[in-house]
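Counting convention: from 1, in listed order, for ligands and their atoms alike.
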Amino acid sequence: MSRFLRKAYRSLEVYVPGEQPRDKKYIKLNTNESPFPPSPEVLEAVANEAGDLQLYSDPECTALRKTAAELYGLKPENIFCGNGSDEVLNFAFGAFCDETKGMAFPSISYGFYPVYGDLYGLDCAAIPLKDDFSVDPADYFGLDKNIVIANPNAPTGMLLTVPQIRSILDANRDNLVIIDEAYVDFGGKSCLPLIAEYDNLLVVQTFSKSRSLAGARLGFGFAQPEIIADLNRVKYSTNPYNINRCTLAAGEAALRSQAYYDRNCLTIIENRDYTTQALREMGFEVLPSKANFIFARHPQICGETLYRTLKDMGILVRHFSREEIAAFVRITIGSAEQMRALVNAIQTILAGGGN
Ligand code: PMP
């Protein structure tokens, strides 16, 4: 750390992304990426766009927002494009919270929320989950804080219904409610239709999961135009060309390849059902997931040992050392072949054969 670093960054506990090891080829089930490549149309669009990389990208993301607006039945003014949904979340924390208005979120959720909270010096409330690891909407009534909830939640995969979200919005008319729908396409129901009704709702989505574009970095914020204009104030104060040309082209083509991605989501749901059932048959508790990952624990093997043994066997899953969830591993749902390999490896480990 240099002596020049500003105070706010000195004690900050930064976000730790899932590991991306290069030492050998793993079956990678640790960062909730898609096992499927981008659609052929996306690959073609990126190749075509690359020839124009000497030119700046469109800061207004006009074509992408227009295509998205048509797909979702919204207006372009309802849509903000971010460099990954992480950027949308970052801008939202920066735009809408301050020393008088903090942020509330589930105590077990996406690890970036408390990092943004610290970065902006916010008074954050981490609200415990219920004993079954679900979010209780009533815990978010009357807090006088902005709220961010991942739905489905991560790393549990558990889903709130649209009426439950509505109850949080109704009880928080003077607070901004951010619903982070990173994993909504794997069996959840989006609350995008609520945007017309609620001026306190910001829905955040990503192209990193169901649309196979984690490496392109693209996310959306959806809200009433005033909220979108505020996010643009932050963007135009930091990085107006936040989305590069190839990613803009990839995003637009991805929206036009909806049928391809819908099929992939159905496959992930099938593979999730297979893996959940196979793990339950081996004695695991598997939380009911509507995401492209499952969260599971076994009475006879601790999460860390399972993670390490699987890694030695060439399969990467995610383990979190926080006490309340240390018994669990989070397993991204990949291809059928990858999930069969995982199930076989865990069978071997439980039979005492793991190295
Ligand atoms: N929200 C949640 C709940 C996530 O798990 C992630 C992915 N780690 C993100 C947002 C950010 O995704 P991205 O920046 O790739 O869009």
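- Close contacts between ligand 1 and G84 involve ligand atoms 14 (O), 16 (O) [criterion: under 4.0 Å to a heavy atom].
- Geometrically, ligand 1 and Y15 share no nitrogen or oxygen pair separated by less than 3.5 Å.
- Side-chain atoms of Q20 and K28 form a donor-acceptor pair, as typed in the model, at a separation below 3.5 Å.
- Ion pairing between a basic and an acidic side chain is recognised when a charged N comes within 4.0 Å of a carboxylate O; D58 and R245 show no such pairing.
- Looking at heavy atoms from C-beta onward, I333 lies out of side-chain contact with F186 at the 4.5 angstrom threshold.
- Ranking protein heavy atoms by distance to atom 3 (C) of ligand 1, first place goes to D180 OD2, 3.4 Å.
- Summary of contacts: the protein heavy atom closest to atom 12 (O) of ligand 1 is S85 OG, 3.2 Å.
- For atom 6 (C) of ligand 1, the nearest non-hydrogen atom of the protein is Y110 CZ, 3.5 Å.
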Exercise for review: Begin from the C-alpha positions of F207 and F220 and carry the test ring-ring contact (aromatic ring centres under 6.0 Å, His included) through to its verdict.
Suggested key: CA-CA 8 Å; F207 283 65; F220 277 144; 5.1 Å; yes
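- With ring centers used as reference points, F36 lies 6.0 Å or more from Y260.
- For ligand 1, the atoms sitting less than 4.0 Å from at least one non-hydrogen atom of R217 are 13 (P), 14 (O), 15 (O), numbered in the order shown with element in parentheses.
- Within ligand 1, the atoms closer than 4.0 Å to a non-hydrogen atom of Y183 are 3 (C), 4 (C), 5 (O), 7 (C), numbered from 1 in the order shown.
- Salt bridge present: E324 and R322 bring a charged side-chain N and a carboxylate O closer than 4.0 Å.
- Ligand 1 places these atoms under 4.0 Å from at least one heavy atom of D86: 9 (C), 11 (C), 14 (O).
- In S208, the part holding a heavy atom less than 4.0 Å from any atom of ligand 1 is the side chain.
- A salt bridge links D123 with K145; the closest basic N to acidic carboxylate O contact falls under 4.0 Å.
- Taking a cut-off of under 4.0 Å to the non-hydrogen atoms of A182, the atoms of ligand 1 that pass are 1 (N), 2 (C).
- Listed by atom number, the atoms of ligand 1 under 4.0 Å from K209 heavy atoms are 7 (C), 8 (N).
- Judged purely by atom type and a 3.5 angstrom limit, R65 uses its side chain to pair as donor or acceptor with the backbone of I79.
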